[in-house]
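Presented below is the structure to which this report refers.
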Amino acid sequence: MGGRFVRSGRGDDSFLFMTLDTGDWMSKDRQVPVIAALLNNGYNHKRQTSFNMEVKVMRLVSTMNCVEGMEIAKPIFTDSGVVLLGSGVRLNQRIIKALLDRNIGMVYVRDKSTDDLVIQDTIPLEMRMEATHAIKETFVGMANFDKKYTRTVNYMHLDKLQNVFKSVIRELKNSKSEMNLLINAYAHDNYLFSHSVNVTIYSLSMAIKLGMDDKKLTEIAMGGILHDIGKTKIPQEILNKPGKLTYEEYEIIKKHPEYGFEILRNESSVSLLTAHCAFQHHEKLDGTGYPRGIKGDEIHPCAKIMAIADVFDAITSLRSYRKPLLPHEALEIVFAGAGTHFDYDLVQTFRTSVASYPIGVTVKLNTGETGVVVQYIYNAPGRPVVRIIKDPNGQELSNPYELDLSKHLTLMIIACDAIMG
Ligand SMILES: [Fe+2]
Ligand SMILES: [Fe+2]
């Protein structure tokens, strides 16, 4: 067994190893000797045990709080597949500013206690890029329908889009891992396209948890992809305005669900349900939403799913006018709206679909110790496995150890900050 290996950041309890020399995932039978080697070296991921192996975790850091000299641990791509920053690049003020300008909210960095835990992407990068590209083509095609596109072209775009998202659905169904961070690993060329991909993935993961069949999942996917298509009719300067919108500007933005419905209901290859997702995704359970202020059961269940996914993605994304929230903060906001803005049961489903504490994030425990989240516990989303790296006095430990918070119920995360530590 040659070469180096890394332990994956998968959320289930199984080990998965990748050899760094070949980049291949190890088969189950090859994993056994690797696990044995790890255990022989004193590594035990389930107990509070110190270990001497160099099995380290890269750190997730808010871009706003990055400092010069930090080293990128995971390459950053644009939606179109261009490498913006390769791993190993050291940050300086110019690069940090460029990252913020590209709305990259967080980056994975290396520090001296950080090395090579592989953080699994929820869907493979190529698939995400393909999806974003297909969305771009469809949006441009549909928005310009009157001018230069024909129905045939639109039909082709939609067909392609559906096929891409069928693979996304397959991928999500096969993945046992939790949703880690969808948003921050990519520089998006256009917020609208990237947001549409994220809303679709969050909505699909909820719908899969709810046991919806493939036909429904495809409709949800189309609804998520096209929910904001009405924004193509809103002037760019209002859509991308940094800072607070005026009352009048906000009133214009609020027209996008109606515009979207108009675009989609005239499209024979789009189902009426998809059109209604666009129409209703800003409606709220208590009738305080827009455009119509409908409430309760008047809102379609799929639009209720989308409303949660939409808000969560919006508040966890970095925009020029505000900081992104970390997932546990965003989940609190979604929870605060459960029963009034959002369907209570769907919020519960959503809670089990996203990792409150993404792998790599730094946390402080009630014991005063500082650690890094290394594993997600599927049945206890708020209680991950934490690798303790500093004692209560802030002294770095020479022998870090792991604590499974789902088994140590007196321990609590009292602070979570991408920059702490
Ligand atoms: Fe919207
Ligand atoms: Fe949206």
Side-chain angles (χ1 to χ4, degrees), residues 79 103 105 128 131-132 134-136 138-139 142-143 161 165 168 179 182-184 186 188-207 219-236 238-241 245 249-265 270 273-285 288-294 299-322 324-325 330 333-334 337 341-343 346-347 350 353-354:
D79 277 335
N103 289 325
R128 187 189 167 87
T132 311
I135 288 180
K136 200 183 240 172
T138 312
F139 272 39
M142 286 191 156
L161 204 52
F165 275 89
V168 173
M179 197 75 63
L182 279 183
I183 25 156
N184 296 299
Y186 307 95
H188 40 78
D189 299 323
N190 184 317
Y191 172 74
L192 185 53
F193 305 141
S194 162
H195 168 70
S196 304
V197 176
N198 289 349
V199 168
T200 307
I201 295 171
Y202 287 132
S203 301
L204 279 174
S205 78
M206 289 167 77
E219 283 187 319
I220 295 250
M222 295 309 280
I225 294 158
L226 300 169
H227 79 282
D228 269 342
I229 195 167
K231 284 195 176 165
T232 54
K233 299 280 180 204
I234 309 285
Q236 284 292 316
I238 299 182
L239 267 190
N240 299 324
K241 181 183 171 184
L245 295 170
E249 287 166 340
Y250 188 48
E251 287 302 305
I252 294 172
I253 293 251
K254 278 163 72 178
K255 293 209 167 87
H256 78 272
E258 278 165 293
Y259 292 152
F261 185 60
E262 275 310 306
I263 295 171
L264 297 176
R265 75 175 180 155
V270 171
L273 171 59
T274 300
H276 274 287
C277 286
F279 201 16
Q280 299 181 4
H281 71 277
H282 287 292
E283 299 289 3
K284 291 174 181 158
L285 215 60
T288 57
Y290 63 87
R292 290 181 292 163
I294 53 174
I299 308 167
H300 194 281
C302 294
K304 288 178 182 165
I305 290 178
M306 228 145 276
I308 296 172
D310 186 56
V311 164
F312 185 81
D313 184 59
I315 58 183
T316 51
S317 298
L318 172 67
R319 307 302 308 275
S320 49
Y321 45 90
R322 57 159 173 70
L325 296 184
I333 289 185
V334 170
H341 291 182
F342 311 116
D343 183 282
L346 289 177
V347 170
F350 187 64
S353 312
V354 288

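Numbering of ligands and ligand atoms starts at 1, following listing order. Both backbone and side-chain heavy atoms feed into the values below; hydrogens, waters and symmetry mates do not.
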Are there any protein N/O/S atoms under 2.8 Å from the Fe ion (ligand 1), and if so, which?
Asp228 OD1, His256 NE2, His281 NE2, His282 NE2

Is there side-chain contact between His276 and Phe261, with at least one heavy-atom pair below 4.5 Å?
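Of all side-chain heavy-atom pairs linking Phe261 with His276, at least one is under 4.5 Å.
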
With heavy-atom distances below 4.5 Å as the criterion, would you say the side chains of Glu283 and Pro291 are in contact?
yes

I want to check a possible cation-pi pair here: Lys254 against Tyr290, using under 6.0 Å from ring centre and within 45° of the ring axis as the test.
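The answer is yes; both the distance and angle limits are met.
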
His227/His281 aromatic ring centres below 6.0 Å:
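Judged by ring-centre distance (under 6.0 Å), His227 and His281 do meet the cut-off.
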
Contacts of Arg265 that satisfy salt bridge (charged side-chain N to carboxylate O under 4.0 Å, His left out) - sequence neighbours left out:
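With neighbours one apart ignored, the set is Glu262.
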
Determine whether a donor-acceptor pair (N or O, by modelled atom type, separation under 3.5 Å) exists between the side chain of Asp343 and the backbone of Leu346.
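At least one qualifying donor-acceptor pair exists.
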
